[in-house]
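A short worksheet on the structure shown next.
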Protein chains: 2
Amino acid sequence: MLAQSNPHIMLPILPGMTQFPARGAATPPMDQVCFFPAGSEIYAQGEKAVGLYQIEFGAVRVYRLLADGRRQISAFHLAGETFGFDASARHHFFAEAITGASIRIFATTGRIDMSRELLPLALRSLTRAQEHLLVLGRQNAIERVAAFLLDIADRQGGAERIDLPMSRTDIGDYLGLTIETVSRAFSKLREKGIIRLCGVRCVEIVKLGALRKMNE
Amino acid sequence: MLAQSNPHIMLPILPGMTQFPARGAATPPMDQVCFFPAGSEIYAQGEKAVGLYQIEFGAVRVYRLLADGRRQISAFHLAGETFGFDASARHHFFAEAITGASIRIFATTGRIDMSRELLPLALRSLTRAQEHLLVLGRQNAIERVAAFLLDIADRQGGAERIDLPMSRTDIGDYLGLTIETVSRAFSKLREKGIIRLCGVRCVEIVKLGALRKMNE
DNA sequence: CGTGGTGTTGATTACTTTCAAGATGTGTGG
DNA sequence: CCACACATCTTGAAAGTAATCAACACCACG
């Protein structure tokens, strides 16, 4: 696999890019591009919200925890997408970089009113969340994985080859399944000839129609 | 039970209130209060969105269907709440009155920009949806019912006596469970002394702490 | 060439669904 | 006001799906 677009490779900090978390800084600097290493926290539940986050490259998970450690990832965000709407004054969720991610942070507080631009983005997040409710509430394991693959494929430009930045654990926590069940669903889709697994985090969609038919 | 606040009782159409669906009208009239009988459609998936909906009294379900009839209710809305954000140009979901409901419809198209007022409402819907994802993805049947009761109790003003406007089928379709499982969860909570059932659609929360502890 | 993290597969257990029957409650008509 | 009918809800038993527990495979890294 070439390095061309492999998000697992740590890129050097480029000029004009700040690495975060940085020594001594309590919050990331505003209105510039920050680099978050794989696994690093972008914001935490209960933390004061300062703005919105636009991903230049990399991937992000937004999640919530139960007291016993059960985790629900409410959304993945990929390059080009904007997140951080889980807040009125404070964040209700955690956000972490999955792979190393370069993120532009926009201040929205104490600024000119940005509602007009923000509302459509917020509504897109809302629609996504509501559609995910249908998946979690009414679809079985294999249908959930199918929905996940279709969603990611679509957001990666619709090519049949998908690059998964996240682990099976992340996928499980997004789909409300265990990693074993996710793995079995992948295997079953492979056995049926619907997908091809070219490496653990690379999937090729062979029968797009069959995948779509599982989600109607 | 007194008629005082029983939403199951059909109220007469009051002066200044239009009943809908009405003969000959393709869409409900704008910027006024409409009465929707129990079970009637407020908007449908794919329908052009015309505005937002504020509930004067009654209750509403917003849902989506799979091809085979499986239904996921993404949200219930009670008196005082605003809904209808499941749309960019067209609605992505269905909305129906559960009980007879009186609803004020606000036009948002071709009007002065209302983003500033709308954004906080949309964000509240988003947070609700994302929190519901945790329930559907990571909680078991009894925890889901507990979460549901806490949510409704909170939205009805926090009194220990809850009036449920919706059927067990609706609750099941909201929580991603069958009606039988919902019923069994209610029974188990009753057996544990956490709730009391004063009629099928009336619940009294006896041990609020125990209920809360199931949702941490 | 080990080592640790991640992913896969198998066997068993637990929980929810499905199927079925009975109970409760509401509305209607006598 | 009571009796019946229909819809809704509850409970039980059997079946099915996903979780858990366990072992092994794979891969990147030192």
Side-chain angles (χ1 to χ4, degrees), chain A residues 1-3 6-10 38-39 66 68-72 98-100 135-146 148 164-191 195-203 214, chain B residues 1 3 6-10 37-39 66 68-72 98-100 135-146 163-191 195-203 214:
Chain A
M1 200 192 294
L2 294 175
N6 188 334
H8 310 291
I9 292 172
M10 279 301 109
L66 288 170
D68 61 4
R70 281 177 287 179
R71 182 178 72 155
Q72 177 63 42
I98 297 176
T99 58
V135 175
L136 294 190
R138 287 297 176 214
Q139 297 200 286
N140 63 28
I142 201 160
E143 290 169 332
R144 291 185 203 197
V145 171
F148 168 73
L164 298 176
M166 66 292 283
S167 68
R168 295 288 188 270
T169 303
D170 283 340
I171 299 173
D173 285 349
Y174 176 64
L175 296 177
L177 301 170
T178 60
I179 54 172
E180 294 96 329
T181 302
V182 171
S183 185
R184 278 185 252 268
F186 271 102
S187 298
K188 184 151 277 177
L189 288 172
R190 177 174 46 70
E191 287 160 18
I195 62 171
R196 229 170 57 79
L197 296 172
C198 35
V200 262
R201 295 195 180 183
C202 177
V203 179
M214 305 183 94
Chain B
M1 200 193 294
N6 188 333
H8 310 292
I9 291 172
M10 280 300 109
L66 288 170
D68 60 5
R70 281 177 288 178
R71 183 178 71 156
Q72 177 63 41
I98 297 176
T99 59
V135 175
L136 294 189
R138 288 296 175 214
Q139 297 201 287
N140 63 28
I142 202 160
E143 290 169 333
R144 293 186 202 195
V145 171
D163 203 31
L164 298 176
M166 68 291 283
S167 67
R168 296 288 188 269
T169 302
D170 284 340
I171 298 172
D173 285 350
Y174 176 64
L175 296 178
L177 301 170
T178 59
I179 53 172
E180 294 95 328
T181 302
V182 171
S183 185
R184 278 185 252 267
F186 271 102
S187 298
K188 185 149 275 179
L189 288 171
R190 177 174 45 71
E191 288 162 18
I195 63 170
R196 230 169 56 78
L197 296 172
C198 35
V200 262
R201 296 195 180 182
C202 177
V203 180
M214 306 183 94

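What you see below is based on every heavy atom in this structure, not just the backbone, and it leaves out hydrogens, waters and symmetry mates. Proteins get letters first, then strands, A, B, ... in listed order; numbering begins at 1 in each.
- One interatomic measurement links the two molecules: CD of E191(B) to C1' of dT11(D), which rounds to 10 Å at whole-angstrom precision.
- Atom CG of L175(B) and atom P of dT16(C) are 12 Å apart (whole Å).
- Applying the 4.0 Å criterion to OP1 and OP2 of dT8(D), one finds that S167(B) has every side-chain N and O outside that range.
- dT8(D) atom C1' lies 14 Å from atom CG of L197(B), rounded to whole Å.
- Of the listed nucleotides (dT9(C), dT8(C), dT11(D)), dT9(C) has the atom at the smallest distance from the side chain of E180(A).
- When each of G199(B) and S183(A) is assigned the nucleotide of DNA chain C with its nearest heavy atom, S183(A) is the one assigned upstream, toward the 5' end.
- We find that NZ of K188(A) is positioned 15 Å from P of dT8(C), with the value rounded to whole Å.
- Looking only at side-chain heavy atoms (C-beta outward), F186(B) and V182(B) come within less than 4.5 Å of each other.
- Remark: P of dA18(D) and CG of L136(A) are 13 Å apart, rounded to the nearest angstrom.
- Taking atom CD1 of residue I179(A) and atom C1' of nucleotide dA25(D), one finds them 14 Å apart after rounding to whole Å.
- The only option from L175(A), L136(A), D173(A) that meets the side-chain contact (heavy atoms from CB on, under 4.5 Å) definition with Q72(A) turns out to be L136(A).
- Between the CZ atom of R168(A) and the P atom of dC26(D) there is a distance of 15 Å, given to the nearest Å.
- R184(A) has its side chain within reach of E180(A): a pair of non-hydrogen atoms, C-beta onward, lies under 4.5 Å apart.
- In terms of phosphate contacts, R201(B) brings no side-chain nitrogen or oxygen within less than 4.0 Å of OP1 or OP2 of dT26(C).
- With respect to R138(A) and D68(B), no salt bridge is recorded, no charged nitrogen being found less than 4.0 Å from a carboxylate O.
- In this structure, the nucleotide among dG7(C), dT8(C), dT17(C) sitting nearest to the side chain of L177(B) is dT17(C).
- Between the CZ atom of R138(A) and the C1' atom of dT16(C) there is a distance of 11 Å, given to the nearest Å.
- In this structure, R70(A) does not reach the dA19(D) phosphate: none of its side-chain N or O atoms is under 4.0 Å from OP1 or OP2.
- Nucleic acid contact class of T178(A) (heavy atoms, under 4.0 Å, all strands): base.
- Nucleic acid contact class of G172(A) (heavy atoms, under 4.0 Å, all strands): none.
- Side-chain atoms of M214(B) and I142(B), non-hydrogen and from C-beta on, do get closer than 4.5 Å to each other.
- At the heavy-atom level, R144(B) lies nowhere under 4.0 Å from the strands shown.
- In terms of phosphate contacts, S187(A) brings a side-chain nitrogen or oxygen within less than 4.0 Å of OP1 or OP2 of dT9(C).
- Look at R184(A) and you won't find any side-chain N or O under 4.0 angstrom from OP1 or OP2 of dA18(D).
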